[in-house]
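Order of the sequence lines sets the chain letters (A, B, ...), proteins ahead of strands, with each chain counted from 1.
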Amino acid sequence: MTDLAVRLLELAQEDFPLDERPFLRLAERLGVTEADVIGTFADLQRQGAVRELSAFFDPAKLGYVSTLACMTVPAERVDEVAAVLSDIPEVTHNYLRDHVYNIWFTVIARSLDEIRGIIRCIEQRTGLGPIRDLPAKKVFKIRVLLGRDEMAS
Amino acid sequence: MDETDWAVIERLQAGVPLCERPFAEMAASVGISESDFIERVRRLRDEGVVRRLGPRLRHHKVGVHGNIMVVWAVADERLEEVGNLFAGARCVSHCYVRPPADGLPYTLYTMVHARDMDQARQIVLDLSRKAGISDYRLLPTVRELKKSTPTYCSPAGD
């Protein structure tokens, strides 16, 4: 990534201006033109480094609840179970990890009952379980902020 | 939140367009003025509904290759102290208290990010020493099977 790209990503993660001309405000702080900023974002999206410029929400304030769950899946059934989870829109993330519980996924829905229902449904469809439901009891931090220390150029 | 707020929220989820006046463009699709749109986003941010606006990054594509989930067995009476310590570390993006389960004696769940896995492991070691927590486990991703952005929609739309 270019130096401008790294500086722009650092700044935009920290403080995206709520202003009629947000890209101009970012450009002023970086000492470049508005077209440079828009062009750099476009390049980053094209390269896939930026999925999108978007908003990050607090699910609870929108009336949603979420959980992290894990289950033990035999190695030869990982792809099949992954396909089941991929079909469920409420399952947003799913990772294979090196642990007795090897499949770890997040579920987000409108209520705890709905989440429990989805988990029961996964157990029934796969015949595996019990799925361990690990809802957060307290959140100390949720803030992905990546900067030049983390980004290899 | 009223229905117009929800229209703003739904429009934001579709992504901020790359043009000189992105809020004007988004406002037009919602059918309100640019200033009303910005004002609503500002209020939603002040209320904590919108945490922030900004780029969603693909970690590997921006060169962040050391991303590890680390789970820690922290006694209840130390959760507050250790949770705040970890949350204060720049390289920790998520820090949650979760209940222990069968085979999972862990109570504090964190995500650590660094340039590469070696650096991430070093950070975890430093955190463990600082907190005095030796019972922890690194659960690096073997394979990403699904990663999507949740879609939030108005309850009235059900």
Side-chain angles (χ1 to χ4, degrees), chain A residues 1 9 12-13 16 18 20-24 34 38 41-42 44 47-59 61-64 68 82 85-86 89 91-101 105 108 110 132 134-146 150-153, chain B residues 9 12-13 15-16 18-24 34 38 41-42 45 47-58 61-65 69 83-84 86-87 91-99 101-104 109 113-115 139-150 152 155:
Chain A
M1 284 203 297
L9 288 181
Q13 287 177 93
F16 188 85
L18 291 183
E20 288 175 9
R21 302 280 290 273
F23 301 112
L24 179 60
E34 185 179 33
I38 292 175
F41 270 127
L44 288 166
Q47 293 155 13
V50 169
R51 282 199 283 171
E52 63 194 349
L53 209 53
S54 186
F56 295 78
F57 298 95
D58 180 344
K61 297 225 163 137
L62 293 173
Y64 284 78
L68 173 70
L85 295 180
S86 289
V91 173
T92 54
H93 296 66
N94 181 21
Y95 295 96
L96 181 64
R97 301 190 184 280
D98 183 17
H99 190 269
V100 176
Y101 294 110
F105 59 96
I108 183 153
R110 281 249 170 74
R132 301 299 176 190
L134 309 167
K137 293 200 283 187
K138 183 178 170 108
V139 177
F140 282 105
K141 184 180 192 180
I142 170 160
R143 183 82 168 91
V144 184
L145 180 65
L146 303 171
E150 294 82 37
M151 292 179 194
S153 31
Chain B
I9 287 164
L12 281 171
Q13 293 178 81
V16 178
L18 294 177
C19 60
E20 287 182 3
R21 295 177 70 170
F23 294 111
E34 180 185 31
I38 292 174
V41 176
R42 188 166 289 140
R45 192 191 53 185
E47 290 168 0
V49 176
V50 171
R51 287 202 183 105
R52 66 187 168 105
L53 263 59
R56 267 178 215 283
L57 305 180
R58 285 198 180 87
K61 296 259 180 156
V62 293
V64 183
H65 301 288
M69 181 164 109
N84 281 314
F86 289 174
C91 43
V92 172
S93 65
H94 298 67
C95 182
Y96 292 179
V97 176
R98 297 189 185 277
D102 189 28
L104 287 171
Y109 281 63
H113 305 276
R115 199 169 281 205
L139 294 173
T141 302
V142 176
R143 191 146 54 102
E144 185 181 287
L145 301 168
K146 182 175 191 181
K147 187 169 186 182
S148 61
T149 307
Y152 306 107

Measure distances from [X] to the heavy atoms of chain B and classify the residue's part below 4.5 Å as side chain, backbone, both or neither.
X      : value
A/R97  : both
A/V50  : both
A/L68  : both
A/L134 : both

Heavy-atom pairs under 4.5 Å with chain B: which of [options] has the most?
options                     : value
A/P59, A/A42, A/G63         : A/P59
A/D58, A/L24, A/L44, A/L85  : A/D58
A/F16, A/F105, A/F140       : A/F140
A/P89, A/A82, A/A12, A/P135 : A/P135

Smallest separation among heavy atoms of B/T149 and A/R51, with atom names: OG1-NH1, 3.6 Å
Nearest 0.5 Å, what's the [atom1]-[atom2] distance between [X] and [Y]?
X      : Y      : atom1 : atom2 : answer
A/F56  : B/L53  : CZ    : CG    : 9.0 Å
A/L96  : B/K146 : CG    : NZ    : 16.0 Å
A/R110 : A/L62  : CZ    : CG    : 9.0 Å

Residue selection (most heavy-atom pairs with chain A, distance under 4.5 Å) from [options]:
options               : result
B/G48, B/P55, B/G15   : B/P55
B/V50, B/V49, B/L12   : B/V49
B/I38, B/V41, B/V16   : B/V16
B/C19, B/A114, B/P99  : B/P99
B/E144, B/K61, B/R58  : B/R58
B/G103, B/A101, B/P22 : B/P22

B/R98 NZ/CZ over B/Y109 ring centroid, <6.0 Å and within 45° of normal: yes
Whether over 12 other heavy atoms sit under 6.0 Å from A/D98 CG: no
Ring geometry between A/F23 and A/F41 (parallel below 30°, tilted from 30 to 60°, perpendicular above 60°): perpendicular
Aromatic plane relationship, A/Y101 with A/H99 - under 30° parallel, 30 to 60° tilted, over 60° perpendicular: parallel
Answer with side chain, backbone, both or neither: which region of [X] has an atom nearer than 4.5 Å to a non-hydrogen atom of chain A?
X      : result
B/A24  : neither
B/P140 : backbone
B/E34  : side chain
B/F23  : side chain

B/E20: side chain to side chain contact (heavy atoms under 4.5 Å, CB included) partners, not counting sequence neighbours: A/R21, A/E34, A/I38
Ring pair (Phe, Tyr, Trp, His ring centres under 6.0 Å) between A/Y64 and B/Y152, worked out: CA-CA 8 Å; A/Y64 284 78; B/Y152 306 107; 5.0 Å; yes
Donor-acceptor pair between A/Y95 and B/R143 side chains, under 3.5 angstrom: no
